[in-house]
Structure formats: structure tokens, C-alpha cells
Amino acid sequence: MQATEIIQVTIDDAGLQLNADGSLRHLLTLKGLDKTILIELLDEAQQFISPFGAIPARSRSLEGRTVANLFFEPSTRTRASFDLAAKRLGADVLNLDVNTSSRKKGESILDMIYTLQAMHVDIMVVRDASASVPAHIARNVNDYVSILNAGEADVSHPTQGLLDLLTIRQNKGGFNGLTVAIVGDIAHSRVARSTAHGLNTLGVGELRLVSPAALAPDPDEMPFASLTDNLDDGIRGADVVMALRIQRERMDSLEGIPGMDEYFANYGVSAKRLELAAPDAIVMHPGPMNRGIEIESSLADSSASVITQQVTNGVAVRMAVLERVSKTMAAT
Ligand code: CP
């Protein structure tokens with residue numbers, strides 16, 4: 001984001017992402033997104049799951065559409081899966097290398113967006129380190145352009161939330177009565193926020209946020225979740241345990257954060273710690289992982305781990321989202 005650009009503060013991204021008839025136009029946040037739309041997206045994503053060894057599910061539903069991936073922050077999973085998802089739906093895909101784009105010459109983000117819009121880009125997938133950028137773009141694009149949030153500062157990562165929900169549903173059958181523990185750097189995690197809001201909307205039994213005090217969220221931010229700094233308390237009896245990376249890139253200083261050995265001893269999700277969880281508990285991680293810091297390496301590769309299943313689901317979820325907003329365009 002250029003320092004001189006004025007970002008309109010987003011008051012209601014949940015409302016902004018819908019058309020007047022309630023259909024999904026942009027995907028900016030899971031916070032406030034209707035339960036029916038959430039479930040429909042999970043159901044649609046499930047249709048795109050194929051067995052390994054088979055040709056991956058594909059269709060021509062985005063034929064003629066153009067999808068641009070605009071990643072102003074690093075990404076492996078999200079960018080690659082949006083790319084594959086759009087191609088498997090038959091879209092033309094533009095992966096813009098923002099490091100060699102004219103933003104480096106001082107072009108504003110909106111001028112860049114208007115330039116792509118003039119080339120008939122229909123769907124823009126945006127990741128940015130600054131809050132409110134996806135909503136800012138969504139407020140300024142033409143009626144026929146859709147914006148998908150691919151990671152917004154520490155605020156929102158809605159497709160990651162959706163793929164987490166899909167993975168939990170596939171393994172646990174639903175959300176009612178389920179205890180989910182999210183462990184680690186909650187304060188700086190857009191994943192924790194999106195997944196937590198989605199779980200809340202879908203009626204999760206209990207949500208626990210586990211972190212050292214320096215990495216805890218504001219206690220009022222997610223009133224539907226309990227907060228603890230004790231990993232044993234947080235993990236005890238949990239059906240789902242999700243470990244999070246420490247997001248150093250969002251911190252000015254590491255003050256108050258334990259050294260890495262101490263962090264793993266107190267907050268690392270390990271096989272030993274998992275013995276406190278429900279016997280069939282699953283282990284999740286959005287990636288990228290720092291093995292040996294927030295998660296024991298052997299646990300990440302164990303039969304309890306569904307981390308690669310999350311990655312697989314990422315493509316299916318992004319196909320579902322792309323198809324959904326594309327259909328809305330077709331209807332307008
Ligand atoms: N989980 C996630 O967003 O990973 P990437 O940063 O690799 O996209």
C-alpha cells in the first residue's frame with residue numbers, strides 16, 4: 001500500500017460482500033457471513049474433491065472469465081490453489097508479479113486495479129499486509145468485478161477459514177458438540193479470526209483460544225471463545241487442535257514472547273500433549289509450519305494430522321468460491 005493512499009475504513013465488510021438480493025458478490029470476511037451461504041460453499045467445495053490418482057475435478061463454468069492473482073505478501077498455498085482452482089474451472093488466469101509491476105514506480109493500488117479492470121479482469125484475488133485493502137478495492141471496482149480476499153493483514157483470511165471448516169466437517173461430521181482448540185499466535189492470526197468466526201456461525205460446541213499473554217487477542221474481540229494461556233487446559237478433551245505459526249512479520253518486537261525452546265515446551269503441540277485431547281483428535285495447521293516451534297515435526301506427519309487434507313481442500317474451496325461469485329455475475 002502506498003503511504004499516500006487513503007483507505008476507507010471498513011464498517012461492514014459482511015454487507016459490502018453481498019448483492020442487494022443477498023447473493024455473494026465478493027468474499028471479504030466470514031464474520032457475519034450467513035450460515036446458509038457458508039454451508040452451501042462447503043457443500044459445493046465437497047463436490048470438487050477427487051480421489052488421488054484420478055484426474056482432479058474440473059468444469060468449464062468459468063470459461064471466458066479472467067481471474068487475476070494479486071499477492072502483495074508471500075504465499076505458497078493460497079496463491080497456487082487459486083491459480084489451480086481458476087484453471088480447473090476453465091478461466092484465463094493472470095498471476096501478476098507485483099514486485100515487477102508499476103506499483104514499484106509509485107502507481108496507486110486503485111490505478112493498478114482500474115488498469116486490470118480495463119483488460120476485462122472479472123475476479124481479482126487480493127492478498128495484502130494492510131487491513132481494509134480488499135474492502136477498499138471492492139468499494140471502488142465496477143459492478144461486474146468481484147474481489148476475493150486471499151489474506152488481509154491479521155484481520156481476515158476467509159478461504160482459509162472455509163477450508164478449515166470443510167476439513168473439520170469431513171473428519172468430525174459437523175460442529176455441534178465439538179471442542180476446538182486454536183493454539184499459538186492468535187493476536188496476529190487472520191486464520192484464527194476467520195476460522196473462529198466460521199466455527200461460531202456453524203454452532204461449534206466450544207472454542208478455546210490458547211496463547212501466551214503476549215500473543216493473546218483482545219478479550220472482547222471474540223466473546224464466543226474462551227481464552228487461556230495454559231496449553232494443557234486448552235487441549236484437554238479437544239476434538240480438534242489447530243497450531244498456528246508465530247507471525248513475526250506482523251510484530252515490531254518479540255518482547256514478552258518466550259524463546260523458541262521455551263515456546264515449544266509451553267505452547268508446542270506435540271504427541272505427548274495430544275494425549276490430553278480426545279482419543280480421535282485431529283491436528284491442523286494452516287501452514288506454513290515452523291516444525292519444532294509451534295508443532296512437533298513427527299506429529300505434523302502422523303496419522304492424527306490432517307494438514308495435507310487442508311491443502312487439498314484449499315483448491316476445492318477456492319473452486320467453490322470462484323464458481324459462486326461467477327454465477328452471481330452471470331445473474332446480474
Ligand atoms: N495458509 C496460507 O495462507 O498459506 P500461504 O501463506 O502459503 O498462502
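For the single chain, residues carry numbers from 1 onward in sequence order. Since this is a predicted model, take the numbers as computed values, not measurements. Ligands are counted one by one from 1 in listed order, and the atoms in each one are counted from 1 as well.
Nearest to atom 5 (P) of ligand 1 by heavy atom, out of Ser75, Ala150, Gly151, is Ser75.
Interface atoms of ligand 1 facing Thr76, defined by a heavy-atom separation under 4.0 Å, are 5 (P), 7 (O), 8 (O). When each atom of ligand 1 is checked for a heavy atom of Thr78 under 4.0 Å away, the hits are 2 (C), 3 (O), 4 (O), 5 (P), 8 (O). Within the listing of ligand 1, atoms 1 (N), 2 (C) sit less than 4.0 angstrom from a heavy atom of Gln160.
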**Request:** Using the side-chain contact (heavy atoms from CB on, under 4.5 Å) rule, take Asp280 and Lys172 through it: C-alpha gap first, then chi angles, then the decisive distance, then the call.
**Result:** CA-CA 10 Å; Asp280 58 351; Lys172 297 295 171 189; 3.5 Å; yes

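With a 4.0 Å cut-off on non-hydrogen atoms, Arg127 touches ligand 1 through its side chain and not its backbone.
Between Arg245 and Asp185 there is no salt bridge, since no side-chain N of the basic residue sits under 4.0 Å from a carboxylate O of the acidic one. The pair Asp83-Arg79 does not meet the salt-bridge criterion, since no charged nitrogen lies less than 4.0 angstrom from a carboxylate oxygen. Using a 4.0 Å cut-off between charged nitrogen and carboxylate oxygen, Asp43 and Arg169 count as a salt-bridge pair.
Not a single donor-acceptor pair under 3.5 Å links the side chain of Asn19 to the backbone N or O of Asp21.
At under 3.5 Å, a nitrogen or oxygen of Gly287, whether backbone or side chain, sits near a nitrogen or oxygen of ligand 1.
The shortest separation from a heavy atom of Glu73 to ligand 1 is not under 4.0 Å, leaving the residue out of contact.
Judged purely by distance below 3.5 Å, without hydrogens or angles, the side chains of His157 and Arg127 pair a donor atom with an acceptor atom.
Counting protein heavy atoms only, atom 4 (O) of ligand 1 is closest to Arg77 NE, 3.1 Å.
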